[in-house]
Protein chains: 2
Amino acid sequence: MVKKLRRPRGDSRPAIFQAAAHEFALRGYDAAGVDRIADKARVNKAMLYYHYGSKQGLYVEVLHDMFRAVGARTRAIAQGPDAAEMKLDAWIVTMVEEAAARPWFPPIMLRELASGAAHIDAETFGMMNAVFMAVRDVILQGQREGTFREVDPLLTYFTILPAILIFFARQRVVAEKRKTVQSFAAAAPREVDEFIRHMQGSARALLRRQT
Amino acid sequence: MVKKLRRPRGDSRPAIFQAAAHEFALRGYDAAGVDRIADKARVNKAMLYYHYGSKQGLYVEVLHDMFRAVGARTRAIAQGPDAAEMKLDAWIVTMVEEAAARPWFPPIMLRELASGAAHIDAETFGMMNAVFMAVRDVILQGQREGTFREVDPLLTYFTILPAILIFFARQRVVAEKRKTVQSFAAAAPREVDEFIRHMQGSARALLRRQT
DNA sequence: GTCTATAAATAGATAGAC
DNA sequence: GTCTATCTATTTATAGAC
């Protein structure tokens, strides 16, 4: 008889966090199953409530973890001494790295944008907004320096950001559908390095003052 | 006693369609409730199964309706006689008009991109892909004509499209959160005309050959 | 075409033993 | 910290009367 594999005792909290992040990314908040999260983390469902209180509480932790990391790095870049173009390049690298380090980040953020931020509390919303504020500062700096056009910072932010989010979300789509749907043969997955160059070039093209 | 308002008999099918489109957009496929759809359409739940067979069948109809409309208009533009820059401008107007005419289109498509197209059958996937193919043809045309840079058509498509989708999805976020979250005061809603100009300008900036 | 009633499965959450 | 058992509400779907 095969003994059921067990995690070492005491590390159930991070195991639940990981499993929840993946489940929320895969199915969205409402469709995510507390039972499925517990199974994936190989813990009892009651442990989830012991550590996090509720499904909502668990979701908020995942969101805060995301925006803490992204927010801190974005603010650091915005407050640095570099020229605006360099800062924008660095921010794109940051977002790509965070999306790669937390694969659940792009799907979750896309879903929240799609649902009107339905499951986001005021505090988390403030963290989301702080990221925008920092990027807006960089765009305004570039406009003061004369290197950027007089674009609308908000509309420009929401042109660059979703492109990054969708790139990562799309990688999964392509990988899975290419097996069965021949019409998607043209859409080979792209390399991350190639995408960073594309995105940096796109952002510069969007913002650079015409001559 | 107040008599319950009734729809005229016989038009339950379109009423269900409308209600379903909104429910799918608001909550996503998995979290959408057949009961809620029936209530919203003011029909009995059994009617939904009578007309559409299943929740999945209803969802597929909503998807097909979306991509039929977008696909036909996109193909017509791509096959027309205009220069590539004009075609791209026209396509952006098309997408904005379709998103305005079908408010459920941007949220549903964003969710599918976020979930890896989990609920999309092969046929619908082909329709989605046909839109990309037509836009790719326009980009290739512009490159042959010498007006567009040698960008990757796929990465460029997925830079322009999500910006349009998110703009509409975001309008709802802003409208609702601005009431309660003061930190979002900076993010006033934008006018659609203003957005079209921004998006056409962005697409041209992305693609125009540098001098 | 339209309705009621209900089946059968699954959801989030909790009490209480260990 | 960890587990079993269970409560209650909600889910998709169907059978059958009208």
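Here is how names work: the chains are called A, B, and so on, in the same order as the sequence lines, proteins then strands, and each is numbered from 1.
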Output the rounded distance in Å from [atom1] ([X]) to [atom2] ([N]).
{"X": "Y50(A)", "N": "dA17(C)", "atom1": "OH", "atom2": "P", "result": "18 Å"}
{"X": "I16(A)", "N": "dT2(D)", "atom1": "CD1", "atom2": "C1'", "result": "11 Å"}
{"X": "R13(B)", "N": "dT2(C)", "atom1": "CZ", "atom2": "C1'", "result": "16 Å"}
{"X": "L58(B)", "N": "dT11(D)", "atom1": "CG", "atom2": "P", "result": "16 Å"}
{"X": "L48(A)", "N": "dG1(D)", "atom1": "CG", "atom2": "P", "result": "14 Å"}
{"X": "R42(A)", "N": "dT2(D)", "atom1": "CZ", "atom2": "P", "result": "13 Å"}
{"X": "H51(A)", "N": "dC3(D)", "atom1": "NE2", "atom2": "C1'", "result": "13 Å"}

Taking only the side-chain nitrogens and oxygens of S12(A), find out if one of them lies under 4.0 Å from OP1 or OP2 of dT2(D).
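Yes.
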R36(A) side chain near dA11(C) phosphate (N/O to OP1/OP2, under 4.0 Å):
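For R36(A), the contact criterion (side-chain N or O under 4.0 Å from OP1 or OP2 of dA11(C)) is met.
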N/O contacts under 3.5 Å, protein versus nucleotides 13-15 of chain D?
unit_1, atom_1, unit_2, atom_2, d
dA13(D), OP2, Y49(B), OH, 3.2
dA13(D), OP2, K55(B), N, 3.1
dA13(D), N6, K45(B), NZ, 2.5

Indicate yes or no: at least one non-hydrogen side-chain atom of [X] is less than 4.5 angstrom from one of [Y].
{"X": "D137(B)", "Y": "Q141(B)", "result": "no"}
{"X": "E61(A)", "Y": "H51(A)", "result": "no"}
{"X": "H198(B)", "Y": "V151(A)", "result": "no"}
{"X": "V135(A)", "Y": "I77(A)", "result": "no"}

In chain order, what residues pass the side chain to side chain contact (heavy atoms under 4.5 Å, CB included) check against R27(B), with sequence neighbours excluded?
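Partners of R27(B) under the side chain to side chain contact (heavy atoms under 4.5 Å, CB included) test: E23(B), A31(B), R36(B).
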Between A31(B) and M47(A), which residue's closest nucleotide on DNA chain D lies nearer the 5′ terminus?
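Checking each residue's closest nucleotide, the 5'-ward one belongs to M47(A).
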Runs of at least three Watson-Crick or G-U pairs with DNA chain D, cut-off 3.5 Å:
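Stem list for DNA chain D: C:1-7 with D:12-18, C:12-18 with D:1-7.
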H119(B) and E112(B): side chain donor to acceptor below 3.5 Å:
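There is such a pair (donor and acceptor under 3.5 Å, judged by atom type) between the side chains of H119(B) and E112(B).
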Thinking salt bridges, do D82(B) and K87(B) make one under a 4.0 Å N-O criterion?
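Looking at K87(B) together with D82(B), the answer is no, because their closest N to O distance does not fall below 4.0 Å.
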Apply the ring pair (Phe, Tyr, Trp, His ring centres under 6.0 Å) test between Y59(A) and each candidate in Y52(A), F24(A), W104(A); give the one that qualifies.
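Only match with Y59(A) under ring pair (Phe, Tyr, Trp, His ring centres under 6.0 Å): F24(A).
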Checking all strands, does A38(B) fall into the base, sugar-phosphate, or nothing category for heavy-atom contacts under 4.0 angstrom?
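If one applies the 4.0 Å heavy-atom cut-off, A38(B) turns out to touch nothing in the nucleic acid.
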Would a distance-only check, ignoring hydrogens and angles, find a side-chain to backbone donor-acceptor pair under 3.5 Å from R111(B) to L26(B)?
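Checking the backbone N and O of L26(B) against the side chain of R111(B), a donor-acceptor pair under 3.5 Å is found.
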